[in-house]
Amino acid sequence: MKHVYYFGKKGTEGRKDMKDILGGKGANLAEMANIGVPVPPGFTLTTETCAEYYENEEKISDAAKAEIEENLAKLEEEMDAKLGDAENPLLLSVRSGAAVSMPGMMDTILNLGLNDESVQGLIKKSGNERFAWDSYRRLIQMFGDVVMGVEHHDFEEILDKAKETKGVQFDTELDAEDLKGLVEEYKALVQEKAGRPFPTDVKEQLMMAVDAVFGSWNNDRAINYRRLNDIKGLKGTAVNAQTMVFGNMGETSGTGVCFSRDPSTGENVFYGEYLMNAQGEDVVAGIRTPQPITQLQEVMPEVYEELVAIYKKLEEHYKDMQDMEFTIQNKKLFMLQTRIGKRTAEAAVRMAVEMLEEGLIDEKTAVLRVNPNQLDQLLHPQLDPVAKEKHTTLGKGLPASPGGAVGKVAFTNESAVEMKEAGDKVVLVRNDTSPEDLMGMDAAVGILTAKGGMTSHAAVVARGMGKCCVSGLGDAKVNEASKTLILGGETFTEGDYITLDGTSGEVFKGQIPTKDPELTGNFGKLMELADKFRTMGVRTNAETPRDARQAVKFGAEGIGLCRTEHMFFEGDRIKAVREMIVANDVEGRKKALAKIKPYQKDDFKELFKIMGGKPITIRLLDPPLHEFLPKEEEDIKQMAEETGVTVEDLKSKIESLHEVNPMLGHRGCRLGVTYPEITEMQSEAIFEAAKEVSEEGTLVKPEVMVPLVGNVNELKDQKAIILRVAKEVLGQDSDVKFLIGTMIEVPRAALTADLIAAEAEFFSFGTNDLTQMTLGFSRDDVGKFVPEYVSKGLLEKDPFQVLDQTGVGQLVEMAVKKGRETRPEIKLGIFGEHGGEPSSVEFCYRTGLNYVSCSPFRVPIARLAAAQAVAREQ
Ligand code: ADP
Ligand code: MG
Ligand code: MG
């Protein structure tokens, strides 16, 4: 096994497509070296070496050590300098980098190779005493923190004290003597806290650093990040040892972060930040506020031009937006990293569309470029601009991640999580965030930080999570200890409402209403492109006119599920429904049903009109009847009065409807079989509505769906009623064409789909119930154990969110096959949570379904996912 890959003038061994073993950073460093971008030379230890480390009781193997030595010698030769040399020392950075980027997850060690001798060499070589001591104290600090477990905070305390004693604000104001003093204090701190001295043997430094990076692969932060971002199946992290270049050599040196396009809006402009006389993470740490990249054009025009040429070259080479890190050492530019940049959904969509228009990528690439789940961000509300006008802005920070967020202020991760669990929307307010804050950020709907730029930790992570974020709001006085925020003359304490506009950076007091999004501009273009690829239909689950209209705007091609019971709850209807339930005989029920019918009919008429010729699958009454009855004493009394029965009688009726296991009880078509008058009334409402709307000139396509069929005889029974009513209402040669079909949601229905297809003109897979009954997991009780199943790895995903393709999927496949054997033209669809979940949508495509149906806001997601399923096959 090859453990180490070299990059530099002495031969670059890696390539960009070797992420798996070199990690993203290592593969891209090699690639940059290959295409002539200035990169400090170095070598990469593979992710396989990390895996080996874990197999080898967390020890670096001798073979790996030997290859490190070999490559170090090669590097020393190329650089004409030696690690630890007292005259001409080589310094290294030791950086982690897995195949998937995990920002801030594993720390980098800079200036490795310094000790009391080589620091003298660095002074001689650079002629800059201050710089050399600054580099040394940074090494002890980083090494002490990352490798030896001394708290970062303890070092900062010493540094703060030094600044205070001197009466200065920034570390750049400390001179060589001060820094030399710091080195001594830091060393003493390491000795005290770690119980051993800072290692002066430079090779030991290197091996300890590599060991620490490998070790960090399994620290809590990294594990947490992988869990939150659903990153699985990686071998480990790679380690990059790279020649140091110095951004902290004075005012002609600096370091920065830049993007080939704006990662927040997607606009095709050069974007980024830099700091002069700074090193490493100074830019993103939010201690000093960085300058916008365009400023560099004035400060160092030549370097700026070179950087522009490089970013263009890299974007052209990778054919995607690049997120780059660079360092300028005495006016000489070096690239330290490039990767595909994270982006907001808005930016992802805009870049996909514009790169296609520019001819940088083709249509298939454009369709595959946007993660369907990410679209969710765009389908979230924005602040209502009219309402916003009426509020005065308390302050304006950086628009770090777009969208609107309204919530209660929380100052700590603990309270953010607690408040979320109590059902509140939370805005996390901090001075700045670090990887320790992931849980709090995850719980929040929005994040506000006083410090940090557009590339601060908070900004990057919020964009990744698709959460609204305002960063760098300098006017905000955040006191995390006393839990207060003072802004624009207002004081907020935990629990107070605040509103963020991540699109503009503004912050408001109280709650501003939000507005639904629209499919216009680039989003609209992307959807059109998706529809060019897509072969599977996308419908929506809707029963209210509002949902139906929204879904049509989002491109729904029909309603895949109209749940009639939802129509029973509104206003006065529930009274008639209850009257029907408590009725003691058929006559009583019919009387009550007659009151419900006009409502149902009107609902259907409106839906038919809105959908204008698009099919609507109407499901007959499905839930157990007791769901419509009151539970509280008060309500029971009131209902007794309204229906004219005694409280005693009503209670005994409720008692009699009680079921031990209502989900497997008297519901679905079992209601229609035992109370045929319900099916009759619903059929009348459907066909009368269809007839009237059709006569007004609107095409109607009702599809009547019988729920919970497990035996073809149930469907036969219900179908007879529906057909009889249809004939009565529509007469002989009606224009109204309708279908009768069933849901496949009971495992037996899937097993006997060939028999059922003899009666059913369509199948619609109700994968919520099918999952429930196949796994034997009560959908309403899974909260008690499924999360633990997932965290213990017994289940990869919650099967109610992501279709269990291995198990439930087999039933779907079987039903599709058997159904088509009996009736080749049978229409097949799916609805439920899975209808709008990308991996499940892809499964539906592969299985050969005709359409998926999902909630209105997921329609665009399903359209894109359905297009990607096709594109991926090409
Ligand atoms: P991350 O994974 O957090 O991006 P990096 O490995 O990129 O960590 O290192 C963090 C920072 O350290 C870089 O942005 C860069 O500024 C600095 N750095 C890394 N390697 C070098 C180097 N060879 N010379 C100078 N600075 C470096
Ligand atoms: Mg880092
Ligand atoms: Mg980096």
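Computed from heavy atoms alone, side chains included, the values below leave out hydrogens, waters and symmetry copies. Note that ligands are numbered from 1 as they come in the structure, with each ligand's atoms numbered from 1 the same way.
Proximity of P40 to ligand 1, defined as any heavy-atom pair under 4.0 Å, is not found for any part of the residue. Contact annotation: for M244 versus ligand 1, heavy atoms closer than 4.0 Å belong to both the backbone and the side chain.
Using bins of under 30°, 30° to 60° and over 60° for the plane-to-plane angle, the ring pair Y186/F155 lands in the perpendicular bin.
Using modelled atom types, one side-chain atom of T237 and one backbone atom of G97 make a donor-acceptor pair closer than 3.5 Å.
In this comparison of V245, N111, T108, V94, the heavy atom closest to atom 24 (N) of ligand 1 sits on V245.
By the 6.0 Å and 45° rule, K74 does not stack over the aromatic ring of F43.
Between the side chains of Q279 and D134, no donor-acceptor pair of N or O atoms lies under 3.5 Å. Defined by atom type and a distance below 3.5 Å, a donor-acceptor pair is missing between the side-chain atoms of S264 and T344.
Of the angles at the Mg ion (ligand 3), the one spanning OE1 of E325 and OE1 of Q337 is 80° when given to 10°.
Of all the atoms in ligand 1, the ones that sit under 4.0 Å from a non-hydrogen atom of T243 are 22 (C), 23 (N). Heavy-atom proximity to T255, at under 4.0 Å, picks out these atoms of ligand 1: 16 (O).
Looking at R339 next to ligand 1, no N or O pair under 3.5 Å apart turns up. When only interatomic distances are considered, the shortest N/O to N/O separation between Q337 and ligand 1 falls below 3.5 Å. For ligand 1, none of its N or O atoms has an N or O atom of S96 under 3.5 Å away.
Interatomic distance, NZ of K332 versus CD of E306, reported as 7.0 Å (0.5 Å rounding).
The closest approach between a heavy atom of K25 and any atom of ligand 1 is below 4.0 Å.
No side-chain heavy atom of Q322 sits under 4.5 Å from any side-chain heavy atom of I310.
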